[in-house]
Amino acid sequence: MSATIRRAAPADAAVLAELGAATFVEAFGHLYTPEDLRAFLEESHSVPAYAGVLADPAYALWLAEDEAGRAIGYAQAGPCGLPHADVRPEDGELKRLYVRAGTQNAGTGRALMDAAMAWLLRDGPRTLWISVWSENFGAQRFYARYGFAFAGEYAFIVGEQRDREFMYRREPAPA
């Protein structure tokens, strides 16, 4: 399956909200109580949440669509907001990268990652960050292939649940 990657626009907020919620539930829904999951999705994967990010020029999102035009993945990047002492204001972060179950391992994640990386590095080399659930070994291997290395951990909070989240950092390439 070949996916088309395009920069998301404000009109895509509803598509991103549905896709964001669906892919989060596919990947992590089993970890949370229904109440905690519902509250998290309403806060983080709602149309207003995505509309706000799409309206902010400090952030960018990309959609991956299959041949039928169905959204199958997305990536979000922007300023780093991770709770690490070494984060500087100029650092960037890949905030989200999700591909629907059943469409993974076809190069879509790589294409989304490449688009986000190009955008994050558009003004030259800088430190980049990613966070990933401690048990998501496939994502950890994927990010390592892009030069990201373990830098610390923190608690990712979803309602009453505290997940062990790893932070990965990629230092700027030498000039």
Side-chain angles (χ1 to χ4, degrees), residues 8 13-56 58-64 71-105 108-109 112-113 116-117 120 126-171:
V15 169
L16 284 161
E18 186 281 324
L19 178 63
T23 54
F24 187 86
V25 170
E26 286 172 359
F28 306 115
H30 65 283
L31 298 173
Y32 308 110
T33 66
E35 299 80 22
D36 285 349
L37 181 60
R38 185 173 26 264
F40 178 78
L41 295 176
E42 287 172 3
E43 177 184 338
S44 298
H45 293 284
S46 66
V47 173
Y50 282 98
V53 172
L54 287 164
D56 187 338
Y59 294 85
L61 290 105
W62 296 266
L63 271 171
I72 59 169
Y74 77 108
Q76 178 181 335
C80 185
L82 293 173
H84 193 285
D86 294 342
V87 170
R88 296 179 314 248
E90 66 271 17
D91 291 353
E93 179 185 353
L94 176 69
K95 301 201 171 269
R96 296 178 178 164
L97 175 62
Y98 287 95
V99 177
R100 284 190 187 269
T103 64
Q104 297 173 354
N105 299 314
T108 303
L112 287 165
M113 182 72 170
M117 293 288 288
L120 285 163
R126 65 178 172 156
T127 300
L128 301 179
W129 296 81
I130 294 173
S131 74
V132 62
W133 181 45
S134 60
E135 302 298 314
N136 192 342
F137 305 115
Q140 293 169 33
R141 287 189 300 272
F142 177 80
Y143 298 136
R145 290 194 294 271
Y146 280 86
F148 287 86
F150 180 82
E153 64 182 79
Y154 71 104
F156 184 83
I157 300 169
V158 175
E160 297 300 315
Q161 175 94 13
R162 297 330 187 232
D163 292 326
R164 190 172 174 212
E165 188 85 355
F166 289 164
M167 292 177 277
Y168 285 80
R169 171 179 46 215
R170 178 180 135 153
E171 298 294 343

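Start at 1 with the first residue, then count along the sequence.
- Shortest non-hydrogen contact noted between A14 and V47 is CA-CG2, 3.7 Å.
- A perpendicular orientation is assigned to the rings of H45 and Y98, their planes being inclined by more than 60° (bins at 30° and 60°).
- Taking all atoms of both residues into account, the shortest heavy-atom contact from F166 to S134 is CZ-CB, 3.6 Å.
- The CD atom of E153 sits 14.0 Å away from atom CH2 of W133, with the distance rounded to the nearest 0.5 Å.
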* To do: Start with the C-alpha distance between Y168 and Q140, add both sets of side-chain angles, then the distance that settles side chain to side chain contact (heavy atoms under 4.5 Å, CB included), and finish with yes or no.
  => CA-CA 9 Å; Y168 285 80; Q140 293 169 33; 3.2 Å; yes
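- Checked for salt-bridge contact, E18 and R100 meet the test: a charged N lies under 4.0 Å from a carboxylate O.
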* From CA spacing to verdict: side chain to side chain contact (heavy atoms under 4.5 Å, CB included), R170, I130 -> CA-CA 9 Å; R170 178 180 135 153; I130 294 173; over 6 Å; no
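- A distance of 9.0 Å separates CE of M167 from SG of C80, quoted to the nearest 0.5 Å.
- Judged by distance alone, the side chains of N136 and Y143 never bring a donor and an acceptor atom under 3.5 Å apart.
- Residue E90 qualifies as enclosed at atom CD: its count of foreign heavy atoms under 6.0 Å is above 12.
- Although no hydrogens or angles enter the test, the distance criterion places no donor-acceptor pair under 3.5 Å between the side chain of D163 and the main chain of E165.
- Under a 3.5 Å cut-off, the side chain of E93 and the backbone N or O of G81 do form a donor-acceptor pair.
- L19 approaches A71 most closely through the heavy-atom pair CD1-O, 3.8 Å.
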* L82 and D91: CA distance, side-chain angles, deciding distance, side chain to side chain contact (heavy atoms under 4.5 Å, CB included) verdict -> CA-CA 10 Å; L82 293 173; D91 291 353; over 6 Å; no
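- A perpendicular orientation is assigned to the rings of F156 and Y154, their planes being inclined by more than 60° (bins at 30° and 60°).
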* To do: Kindly indicate, with the supporting measurements, whether the criterion side chain to side chain contact (heavy atoms under 4.5 Å, CB included) is fulfilled by L97 and F142.
  => CA-CA 11 Å; L97 175 62; F142 177 80; 3.7 Å; yes
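- The backbone N or O of L120 lies less than 3.5 Å from a partner atom in the side chain of R126, making a donor-acceptor pair.
- You'll find the side chain of L61 reaches within 4.5 Å of the side chain of Y50, heavy atoms only.
- Shortest non-hydrogen contact noted between A151 and W129 is CB-CZ3, 3.8 Å.
- Rounded to the nearest 0.5 angstrom, L31 CG and Q161 CD are separated by 6.0 Å.
- A 4.5 Å side-chain heavy-atom check between T33 and E160 finds every atom pair outside the cut-off.
- Atoms CG and CG, from L16 and L54 in turn, are 6.0 Å apart once rounded to the nearest 0.5 Å.
- Using bins of under 30°, 30° to 60° and over 60° for the plane-to-plane angle, the ring pair F24/F40 lands in the tilted bin.
- For E43, the CD atom sits in a loose shell: 12 or fewer heavy atoms of surrounding residues, nucleotides or ligands are nearer than 6.0 Å.
- For the pair V158/F28, no side-chain contact is recorded, criterion being any heavy-atom separation below 4.5 Å from C-beta on.
- A51 and A13 make their closest contact through N-CB, 3.9 Å (heavy atoms, listed as atom of the first residue, atom of the second, distance).
- Rounded to the nearest 0.5 Å, atoms OH (Y146) and CE (M117) are 7.5 Å apart.
- Closest approach of G73 to L112, counting heavy atoms only: C-CD1, 3.8 Å.
- Rounding to the nearest 0.5 Å gives a distance of 11.5 Å between CG of L63 and CD of Q76.
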